[in-house]
Amino acid sequence: MEDELIFLDELVSLIKQKKELSPLDDDFVKEVVRSSSFTVEKNYDSFDQFKRSKLCKEIVSSVRKRLRDIYGLFLEKPLSTKHIDRLESIEATSLLSLHKSTLERAPYYPSLYPLLLEKLHEMGLKKDYVLADIACGYNPLAVQFLPVRPKEYFACDLSSKDMAAIDYFFKKFGVKGGAEAYDVLGTRFEEFFSGKKFDVCFLFKALDPFEQVKRHASKRLLSSLPTEFFVVSFSLFSIGGKTPIPASKRSWFEKFCQKQSWEFQTLQIPNELFYLIKTGK
Ligand SMILES: C[S@@+](CC[C@H](N)C(=O)[O-])C[C@H]1O[C@@H](n2cnc3c(N)ncnc32)[C@H](O)[C@@H]1O
């Protein structure tokens, strides 16, 4: 977007008035506004005047749609530190319903996580593993279901508010590691992980939203993350759970693993397919 500074702050506030977008960081929303293909000419006297224009409505609706597809669509209700204050133990089952992905997965965690870890250990994952949960949503709140707590648990997603609440949860219940906001397709995230080594990275239901932002972004991220194992999952049904997503939609991913000579196994729950991948990195 040209003349990017005109009304940028005001536009961001207006866009974030939608409740499901309110936890997003201003800087991230600014990036999305900047990368949209609109041009604002300098012939508006005030933001109030601009706000009434067709152009402003188009920008707001287009940017909100993009942000909804990336983030807002999955949120039932924003998580806050107040939710964590009310918890008496690490059993945060009641909070899994705040995000659609954890809500859907909630009935299956007690059997899914032990089986997932058993298979990963059979494939060679060490017992005292370091876990990175990338584009984590509220999945770290399900840590109680991991049969053995990771030695360290790093979690990241887009919103600083969400990540502050997850970090607070980790600290309150002694989970080592931390949660921090990153756009995982950006250079700041590359700086964060360079020099680090994870044993396993979870990328649950994350690759489809990445592809919405930048085509082939997932392949670049998978190639560069320093981890011995990935657990990548895909939704088997569209949001709302009614329309099946055909296997052809993820054939690119299986081809990519084959090209990298990464061996994988799969594990399925009714709404989600998990790939357990050994990278040999
Ligand atoms: C379908 S949700 C899955 C959440 C979680 N992994 C789970 O399965 O419970 C997709 C998540 O990807 C996150 N996301 C999308 N683009 C991202 C980006 N560029 N950087 C970090 N997180 C991103 C969204 O904020 C959202 O929480």
Side-chain angles (χ1 to χ4, degrees), residues 16 20-25 27-32 35 65-79 92-93 95-109 112-113 116 131-143 145-146 153-163 165-166 169 179-193 200-222 224-225 230-241 245 249-250 267 269 271-275:
K16 284 181 59 179
E20 77 264 25
L21 305 180
S22 62
L24 282 169
D25 293 14
D27 284 348
F28 182 72
V29 179
K30 272 182 197 168
E31 274 309 307
V32 176
S35 66
K65 184 182 176 321
R66 277 187 71 194
L67 294 173
R68 225 184 343 261
D69 290 347
I70 299 170
Y71 177 86
L73 199 61
F74 313 111
L75 209 60
E76 291 285 337
K77 205 173 165 212
L79 178 72
T93 315
L95 301 183
L96 299 178
S97 60
L98 299 181
H99 194 286
K100 286 201 174 71
S101 304
T102 40
L103 170 67
E104 270 184 18
R105 207 177 290 124
Y108 308 106
Y109 279 115
L112 171 72
Y113 264 1
L116 191 68
L131 165 65
D133 195 348
I134 292 167
C136 64
Y138 298 165
N139 190 56
L141 298 174
V143 62
F145 297 110
L146 286 169
Y153 191 148
F154 294 105
C156 61
D157 203 296
L158 286 170
S159 150
S160 295
K161 279 190 190 146
D162 289 341
M163 291 306 101
I166 302 276
F169 169 76
E180 213 176 320
Y182 283 103
D183 168 1
V184 302
L185 308 182
T187 48
R188 205 173 64 85
F189 186 61
E190 265 174 47
E191 284 157 24
F192 162 75
F193 70 65
V200 56
C201 281
F202 287 177
L203 278 158
F204 291 176
K205 293 188 178 177
L207 302 194
D208 289 333
F210 296 166
E211 290 303 307
Q212 302 241 9
V213 182
K214 278 185 212 153
R215 210 157 163 248
H216 301 309
S218 316
K219 291 184 194 167
R220 272 194 294 278
L221 187 66
L222 289 163
S224 57
L225 277 169
F230 281 113
V231 183
V232 172
S233 82
F234 292 90
S235 217
L236 293 174
F237 290 88
S238 63
I239 287 265
I245 299 175
K249 285 265 179 199
R250 47 178 191 276
L267 193 61
I269 57 174
N271 297 322
E272 193 170 359
L273 179 65
F274 295 82
Y275 289 81

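We count ligands from 1, going down the list as the structure has it; atoms in each ligand are counted the same way.
For atom 17 (C) of ligand 1, the closest non-hydrogen atom of the protein is Phe210 CE2, 3.6 Å. Among protein heavy atoms, atom 10 (C) of ligand 1 sits closest to Lys205 O, 3.7 Å. Shortest contact from atom 15 (C) of ligand 1 to any protein heavy atom: Ile70 CG2, 3.4 Å. Distance from atom 26 (C) of ligand 1 to its nearest protein heavy atom, with residue and atom name: Asp157 OD2, 3.6 Å.
With a 4.0 Å cut-off on non-hydrogen atoms, Ala206 does not touch ligand 1 at all. Only backbone heavy atoms of Tyr182 (N, CA, C or O) come within less than 4.0 Å of ligand 1; its side chain stays farther off. Under 4.0 Å from ligand 1, the heavy atoms of Arg105 that appear belong solely to its side chain. With a 4.0 Å heavy-atom cut-off, ligand 1 is reached by the backbone of Phe204 and by its side chain too.
Between the side chains of Glu272 and Ser235, no donor N or O sits under 3.5 Å from an acceptor N or O. Arg105 and Asn271 share no side-chain donor-acceptor pair at under 3.5 Å.
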Would you list the atom pairs, donor with acceptor, under 3.5 Å between side chains in residues 67-75 and any protein atom, with sequence neighbours excluded?
from  : atom 1 : to     : atom 2 : distance (Å)
Asp69 : OD2    : Lys65  : NZ     : 2.8
Tyr71 : OH     : Asp162 : OD2    : 2.5

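Taking every non-hydrogen atom of Asn139 and a distance limit under 4.0 Å, the qualifying atoms of ligand 1 come out as 9 (O). Residue contact check: Asp183 has heavy atoms under 4.0 Å from atoms 18 (C), 19 (N), 20 (N) of ligand 1. Annotation for ligand 1: atoms under 4.0 Å from non-hydrogen atoms of Tyr71 are 25 (O). Annotation for ligand 1: atoms under 4.0 Å from non-hydrogen atoms of His99 are 2 (S), 4 (C), 27 (O). Close contacts between ligand 1 and Gly137 involve ligand atoms 4 (C), 5 (C), 27 (O) [criterion: under 4.0 Å to a heavy atom].
Atom 14 (N) of ligand 1 has its nearest heavy-atom neighbour, among Ala135, Ser233, Pro23, in Ala135. With atom 18 (C) of ligand 1 as the reference point, the heavy atom nearest to it among Leu158, Leu203, Leu67 is part of Leu158.
Any N or O atom pair closer than 3.5 Å counts here, and Asp133 shares no such pair with ligand 1. Checked by distance only, ligand 1 and Val184 come closer than 3.5 Å through their nitrogen or oxygen atoms.
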Report the C-alpha separation of Leu141 and Leu98 in whole Å, then their side-chain angles, then the decisive distance to 0.1 Å, and conclude whether the side-chain contact (heavy atoms from CB on, under 4.5 Å) test is met. CA-CA 11 Å; Leu141 298 174; Leu98 299 181; 5.8 Å; no
Evaluation steps, side-chain hydrogen bond (donor to acceptor under 3.5 Å, both in side chains), between Ser218 and Glu211: CA-CA 7 Å; Ser218 316; Glu211 290 303 307; 2.6 Å; yes
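Using a distance-only test at 3.5 Å, with no hydrogens or angles considered, a donor-acceptor pair links the side chain of Lys16 to the main chain of Leu24. No donor-acceptor pair under 3.5 Å is formed between the side chain of Asp25 and the backbone N or O of Asp27.
Assignment of Cys136 to the shell around ligand 1 is supported, since a heavy atom sits closer than 4.0 Å. Using a non-hydrogen distance threshold of 4.0 Å, Val213 does not register as a contact of ligand 1.
In this structure, the ring of Tyr275 has its center no less than 6.0 angstrom from the ring center of Phe230.
Across all their heavy atoms, Ser224 and Phe193 have their closest contact at O-CE1, 3.5 Å.
Counting heavy atoms from C-beta on, the side chains of Val232 and Phe204 never come closer than 4.5 Å.
The aromatic rings of Tyr113 and Tyr109 sit perpendicular, their planes meeting at an angle over 60°, well past the 30° parallel limit.
The salt bridge (charged side-chain N to carboxylate O under 4.0 Å, His left out) check on Glu180 picks up nothing, with sequence neighbours excluded.
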